[in-house]
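Right, one structure below, let's go through it.
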Amino acid sequence: LPSLMVRLPHSQLTAQGQYNSYLHLDITDATLCPKDISLFVPGLASMDKLLRLQTHVEGDMDSLSVSGLTLSYNDRKVFQGNAQCKMVSGNWRDAYLRIQCEELAANAAQIQDLVSDIVNRPFHLPSEIHRLGNMHYRGQIDGNIHDLTLHGAFRTALGLITTDAALQSDSTFRQLAYNARVATNKFRLGKMLAHQPLGPVSLDLRMRGEMKDGINKGKVVGKIRDVSYNGYTYQAIQIDGKFKPNHFDGMVSINDENLQLQFAGLVDLAEQAPDINFDLRLQRFRPEILGLSDELRNSEIGLSLAANLS
């Protein structure tokens with residue numbers, strides 16, 4: 001196999017290499033329209049956007065190594081790095097992947113388009129993901145397409161997110177389970193959530209949960225080193241609880257020089273009749289310094305409160 005040229009209706013490949021039970025292949029120019037190979041992979045029949053790549057491939061039928069890979073999809077560079085692929089149980093659909101990402105780039109619209117092309121129906125990400133803008137990931141990805149672990153960092157328009165995560169999805173990508181550690185430094189969370197009073201946040205959290213039909217629920221444990229709200233930066237916040245939309249059940253403590261607070265209990269606003277049951281201890285609450293009130297000048301407030309509004 002000193003040289004190879006393949007042409008399909010919308011695809012072409014130019015390569016040089018050799019194969020004698022072990023493959024060495026340099027792909028210098030490849031343009032692939034996935035629907036051209038839908039005879040062999042029917043799920044690609046609806047994918048008509050072009051995939052372009054350059055790389056070196058070597059290995060056998062059970063294990064392939066890909067180095068110097070540059071990949072573009074729909075005229076956008078999306079990946080640069082190296083990869084290894086090993087067949088599992090004689091089935092390439094369950095192949096084990098190890099990907100070293102020098103650069104993995106995308107935004108929410110591009111991810112939506114790609115998943116929609118794969119599953120052949122509309123796929124939508126939450127608006128919060130869209131607000132991250134262009135995302136760039138550098139790190140390592142291990143597993144198969146429905147069971148991945150990620151170790152690395154995302155650079156977004158709103159700041160840097162460092163993560164160690166395990167992600168599992170069903171075959172249709174409708175349900176996602178995750179177990180992740182997430183850390184940020186001055187990440188602009190208020191911009192992401194479209195909540196103007198909320199400013200940058202530095203945190204280190206561990207989260208376990210699932211996202212299904214756009215609803216995210218799970219458990220979170222960790223600390224928020226600092227977060228800005230209404231122009232004041234709060235320090236030393238601890239959190240441990242279960243969450244879902246308009247629902248929190250757990251503990252929050254703040255040990256800031258102008259606010260000491262301990263909260264333990266349930267706040268559930270998801271139903272028409274709210275369920276509120278908590279104990280609150282408030283110490284050294286200085287509302288003027290915190291930017292919460294101009295009327296309570298030079299005030300310091302403390303109280304204990306137990307509420308049961310079930």
Side-chain angles (χ1 to χ4, degrees), residues 1-107 109-120 134-152 155 173:
L1 187 69
S3 63
L4 172 70
M5 178 174 286
V6 177
R7 291 185 182 273
L8 296 171
H10 307 92
S11 308
Q12 69 176 30
L13 181 147
T14 302
Q16 293 182 337
Q18 58 184 8
Y19 178 74
N20 184 12
S21 77
Y22 192 88
L23 176 68
H24 288 276
L25 185 65
D26 285 307
I27 300 176
T28 56
D29 180 22
T31 301
L32 173 66
C33 183
K35 70 178 183 181
D36 281 347
I37 58 172
S38 60
L39 177 64
F40 308 102
V41 187
L44 302 179
S46 62
M47 297 183 65
D48 58 1
K49 298 182 178 70
L50 295 181
L51 188 69
R52 291 187 169 89
L53 66 91
Q54 293 178 329
T55 190
H56 173 77
V57 181
E58 63 178 85
D60 54 31
M61 291 302 295
D62 294 323
S63 178
L64 288 175
S65 176
V66 180
S67 59
L69 173 61
T70 300
L71 184 66
S72 300
Y73 182 72
N74 198 24
D75 291 327
R76 295 177 183 269
K77 182 179 177 181
V78 295
F79 179 83
Q80 183 173 333
N82 307 299
Q84 293 82 43
C85 181
K86 294 183 179 181
M87 188 165 61
V88 177
S89 303
N91 187 348
W92 280 106
R93 292 184 179 182
D94 298 323
Y96 175 82
L97 304 172
R98 169 164 289 181
I99 304 171
Q100 291 87 33
C101 299
E102 298 174 12
E103 178 77 0
L104 179 62
N107 57 40
Q110 293 164 4
I111 295 171
Q112 287 181 165
D113 288 346
L114 177 59
V115 176
S116 296
D117 289 344
I118 293 173
V119 301
N120 197 24
N134 291 323
M135 296 173 281
H136 303 265
Y137 177 76
R138 185 182 180 93
Q140 182 166 304
I141 302 172
D142 293 273
N144 64 55
I145 192 170
H146 294 292
D147 188 356
L148 295 172
T149 60
L150 297 85
H151 306 279
R155 188 175 75 253
F173 297 96

Take Arg138 and Cys101 through the test side chain to side chain contact (heavy atoms under 4.5 Å, CB included) and record every step on the way to the result.
-> CA-CA 5 Å; Arg138 185 182 180 93; Cys101 299; 5.6 Å; no
Shortest non-hydrogen contact from [X] toward [Y]:
X      : Y      : value
Ala106 : Gln110 : CA-OE1, 3.2 Å
Ala105 : His136 : CB-ND1, 3.6 Å
Arg52  : Leu50  : NH2-CD1, 3.6 Å
Tyr137 : Gln140 : OH-O, 3.3 Å

Distance, nearest 0.5 Å, that separates [atom1] of [X] from [atom2] of [Y]:
X      : Y      : atom1 : atom2 : answer
Leu97  : Asp147 : CG    : CG    : 11.0 Å
Met135 : Asn107 : CE    : CG    : 6.5 Å
Asp142 : His151 : CG    : NE2   : 6.0 Å
Asn144 : Lys86  : CG    : NZ    : 14.5 Å
Leu150 : Ile141 : CG    : CD1   : 5.0 Å
Gln80  : Thr70  : CD    : OG1   : 4.5 Å

Carefully, step by step, assess Val78 and Leu114 under the rule side chain to side chain contact (heavy atoms under 4.5 Å, CB included).
-> CA-CA 11 Å; Val78 295; Leu114 177 59; over 6 Å; no
Do any N or O atoms from the side chain of [X] and from the backbone of [Y] form a donor-acceptor pair under 3.5 angstrom?
X     : Y     : result
Asn82 : Ile99 : no
Gln54 : Thr28 : yes
Ser63 : Gly59 : no

Taking the side chain as every heavy atom from C-beta outward, state whether Asp75 and Lys49 have any pair of such atoms under 4.5 Å apart.
-> no
